[in-house]
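Dropping the structure in here first, questions after.
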Amino acid sequence: MKDRFSQILASILVNAVYAMINYPVVLISTLLAPFSLFIVIVFVSHGQLLSVAVGGALIMTMISSGTSMQQDLSHLKNDFKLQDMVISSPTSARMYLIGMAISEIVYFLPVLLVLLILTALYISTSALGYFEIFAVMTIMFIFSVSLGFILSTFTSDVVQSWAFSGIVSTLLSALPPVYYPISYVPAVFQPVVYLSPATYAAEIVQAIVNPGLVNFSAGTIAIDWIVITAVCIITTFIAIKKSRWREN
Amino acid sequence: MMEMETLECKHITKRYDTGKFALRNVSFAIPAKGIFALIGRNGAGKTTLIRMLATQLMPTSGSATINGIDVVDGAEELRNLIACVPQEARAVGWVTPKQFVTSYLLWRGLGYSEASRKAVAALDRLGLWKVKDVQCQKLSGGMKRKVLVAMIVASGAKIIFLDEPTTGLDPISRNELWNMLRKLKDDHFIFLTTHYLEEAERLADIIGILDDGRLRAIGTIDDLRKKVRYPYSIKILSKVHVEKPRNGMIVKGIDENYQVVTTEKEAHELSKRLISKRVRFAMNPLTLDDIFYYIVKKPIEVESYDEEDEW
């Protein structure tokens, strides 16, 4: 148990703590990222979509941590050969994944702190509602870091990693209506946005934070939960079992 | 006692998805102590073999054991005993040597205080005390490589894999690294790959020659000399006519110069004749460079050498 704690701690130190200590500017960059679209949406909607945008920022922060992890791991693997050094050590793929995932949370702590304040100020819901938001965030986090880990183990250089990152960002960030209701998306494009798991997560959160704005049936919300949970389980399974840790 | 302190490969083959064979039926057994150097040209299969033994890559067929532990089935157990510095590995740029070595030891399962203490001790041992708190990216190439050596020294792993550890280093840094490895070899088994033949000759107890995925030869430097038919070479440094010896050849060597290769006896006879003619020459047992050249690339043989020939 102590061994595993040490292995997780190593990833947190290298990928988050030492990076933040030695380059404090990364904190500003990380802090700004989820708020760029948030600010636009709030301004354009004259504040009407504030609570939805806060919910969206919560989801996007979790998804960003996955894309960020993919880039970090690709960099560590391809530029420093860290993954190979770690493979030839007692650390398993699972422990490396968990450590790096937590390191991303540590990295995004300042953002989460700001979002926590905004949530307290602008989102009014029941205890169950807050729990559901937390559960959606957790599921999206596990899904995105697992996806990031899978892709990072398959990249052979940083340029390839950027390409993966761009595709994932489009699918998970730009495409889904996370910061605004799906009803704002033209009907013809709505089937397309449902290709992204983030859309299902957004529907759950939007129904909690602004039930007057969106009107989803209980069945729709149930399907949303099933989809994000299934996608999360499948992605995590692939990350642990099928990632290219020890190469074939 | 074959299983103890032995590295054994049996018919190891690696074929990538592209269809290219990186290793073809490689078999050998060596004592897992001292320094073993695997030499070969770029693309010979050195990195593929070291990655397989360091449990990073699966073989397509065949098996390998280190101290009786299978590199596939016993990988988890083996990873407690080995440490590997891959080709082109670098200490993470934004951390300091102390932070990097400490983190590596944490990945190996040590507690933080023990890891920190061992990291500082290893950095001190390798002369990196003064730079232990400087970001790795600000260190010279030689220093960065030393940080990786400090990492494996601190790990306590008894079996060390180094893939081209001195590539790109200046001669002084290379020598410093060689001295460190010599100190380590007494209580470690070091498996290194290199394409610097001098490095293998000066460091290794046993040398393997890999070419096009095949193991062409393996043994001590003396063993390898015996693989070559004529173990002595005479490089003639004056203009003179030289006939092909009874037992030997005149060949174009690795340096593109002509030399007589022959038996020890004929080499001495020829040397006496050359001395009597006041011809300048250099007589040596074949170097690893020569041996590698003869084994990997067959030299061009000529019938005689004349003063008009190109030197």
Side-chain angles (χ1 to χ4, degrees), chain A residues 1-27 72-100 102-103 107 153-154 156-158 243-248, chain B residues 14 16-17 47-48 50-60 71-72 75-96 98-100 102-115 135-137 144 148 151-152 155 157 159-161 163:
Chain A
M1 192 63 193
K2 188 185 165 192
D3 295 2
R4 290 180 177 184
F5 176 77
S6 291
Q7 289 162 356
I8 291 169
L9 179 63
S11 299
I12 296 169
L13 289 174
V14 169
N15 199 43
V17 177
Y18 294 147
M20 289 193 288
I21 290 172
N22 294 327
Y23 295 126
V25 70
V26 299
L27 289 171
D72 291 346
L73 292 190
S74 296
H75 183 41
L76 290 168
K77 177 192 171 199
N78 299 313
D79 295 337
F80 299 106
K81 307 292 174 193
L82 185 71
Q83 184 174 309
D84 278 350
M85 288 190 259
V86 174
I87 292 172
S88 298
S89 81
T91 297
S92 64
R94 191 180 307 179
M95 282 301 113
Y96 190 64
L97 167 59
I98 292 170
M100 286 298 174
I102 296 174
S103 79
Y107 215 80
T153 63
F154 281 94
S156 51
D157 65 49
V158 173
S243 295
R244 196 188 287 181
W245 183 246
R246 181 181 196 174
E247 291 178 35
N248 286 314
Chain B
K14 180 65 190 178
Y16 286 109
D17 295 340
T47 296
T48 300
I50 204 169
R51 293 191 73 218
M52 253 178 222
L53 296 173
T55 75
Q56 296 164 10
L57 184 67
M58 297 285 276
T60 305
V71 299
V72 176
E76 209 169 310
E77 182 185 356
L78 201 55
R79 286 170 182 156
N80 289 301
L81 308 174
I82 64 173
C84 178
V85 177
Q87 193 180 137
E88 296 173 2
R90 288 184 293 146
V92 176
W94 58 84
V95 303
T96 67
K98 184 185 167 189
Q99 290 168 341
F100 183 73
T102 302
S103 301
Y104 180 74
L105 297 182
L106 291 172
W107 270 309
R108 294 196 70 89
L110 273 64
Y112 183 83
S113 56
E114 186 185 3
Q135 274 182 41
C136 289
Q137 64 188 348
K144 285 176 187 165
L148 297 175
M151 177 189 89
I152 53 170
S155 75
I159 300 161
I160 295 167
F161 293 98
D163 194 1

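Sequence lines set the chain letters: A, B, ... in the order given, protein chains first and strands last, and positions in each chain run from 1. Note that the structure is predicted; figures quoted are calculated from it, not measured. Side-chain atoms are counted along with the backbone in the values below, which use heavy atoms only and exclude waters and symmetry mates.
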Hey, does Leu73(A) have a side-chain heavy atom less than 4.5 Å from the side chain of Tyr96(A)?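 SC-SC contact between Tyr96(A) and Leu73(A) confirmed.
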Engaged part of Ala83(B) at the chain A interface, taking heavy atoms whose separation is under 4.5 Å: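 Backbone only.
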When Val71(B), Asp17(B), Ile152(B), Thr96(B) are compared by non-hydrogen pairs under 4.5 Å with chain A, the top option: Val71(B)
Among the options Arg108(B), Gln99(B), Met58(B), pick out the one with the most heavy-atom pairs lying under 4.5 Å from chain A.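 Going by pairs under 4.5 Å, I would pick Gln99(B).
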When only pairs under 4.5 Å are counted, which of Phe161(B), Trp107(B), Trp94(B) shares the most heavy-atom pairs with chain A?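 Answer, by heavy-atom pair count under 4.5 Å with chain A: Trp107(B).
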Between Val86(A) and chain B, with a heavy-atom cut-off of 4.5 Å, which part of the residue counts as in contact: side chain, backbone, both or neither? side chain
Do you see a donor-acceptor pair shorter than 3.5 Å between the side chains of Tyr16(B) and Thr60(B)? no
Quick one: what part of Tyr104(B) sits under 4.5 Å from any heavy atom of chain A, side chain, backbone, both or neither?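 The side chain, not the backbone.
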Tell me, for Phe100(B) versus chain A, whether the close heavy atoms (under 4.5 Å) come from the side chain, the backbone, both or neither. side chain
Contact class of Leu148(B) relative to chain A, heavy atoms under 4.5 angstrom: side chain
Between Phe80(A) and His75(A), how do the two ring planes meet: parallel, tilted or perpendicular, split at 30° and 60°?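 Phe80(A) and His75(A): perpendicular rings.
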Under the side chain to side chain contact (heavy atoms under 4.5 Å, CB included) rule, collect the residues that match up with Ala16(A), sequence neighbours excluded.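 Once residues adjacent in sequence are excluded, the partners of Ala16(A) under the side chain to side chain contact (heavy atoms under 4.5 Å, CB included) criterion are Met20(A), Ser103(A), Val106(A), Tyr107(A).
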Below 4.5 Å from any heavy atom of chain B, which atoms of Leu76(A) appear? Answer side chain, backbone, both or neither.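 For Leu76(A), the contact with chain B is made by the side chain alone.
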Leu53(B) versus Ile50(B): any side-chain heavy-atom pair under 4.5 Å? no
Over 12 non-hydrogen atoms of neighbours within 6.0 angstrom of CD in Glu76(B): no
Main chain of Ser11(A), side chain of Asn15(A): is a donor-acceptor contact present, judged purely on distance under 3.5 Å? no
Atom group of Met151(B) that falls short of 4.5 Å from chain A, counting heavy atoms: side chain
For a quick test of reading the model, state the closest non-hydrogen atom pair linking Gln7(A) to Met95(A) and the distance between them.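 For Gln7(A) versus Met95(A), the nearest heavy atoms are OE1-CG, 3.4 Å.
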Given a strict heavy-atom distance threshold of 4.5 Å, which part of Glu77(B) is in contact with chain A: side chain, backbone, both, or neither?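 Glu77(B) has no heavy atom closer than 4.5 Å to chain A.
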Suppose the criterion is side-chain hydrogen bond (donor to acceptor under 3.5 Å, both in side chains): which pairs have a residue in residues 82-94 of chain A, not counting sequence neighbours?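 Those involving residues 82-94 of chain A are Asp84(A)-Arg51(B), Ser88(A)-Gln56(B).
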Heavy-atom proximity to chain A below 4.5 Å, by part of Ala115(B):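 Looking at Ala115(B), nothing touches chain A.
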Flag the one option from Arg90(B), Met52(B), Glu88(B), Lys14(B) with the top tally of heavy-atom pairs under 4.5 Å to chain A.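 Option with the greatest count: Arg90(B).
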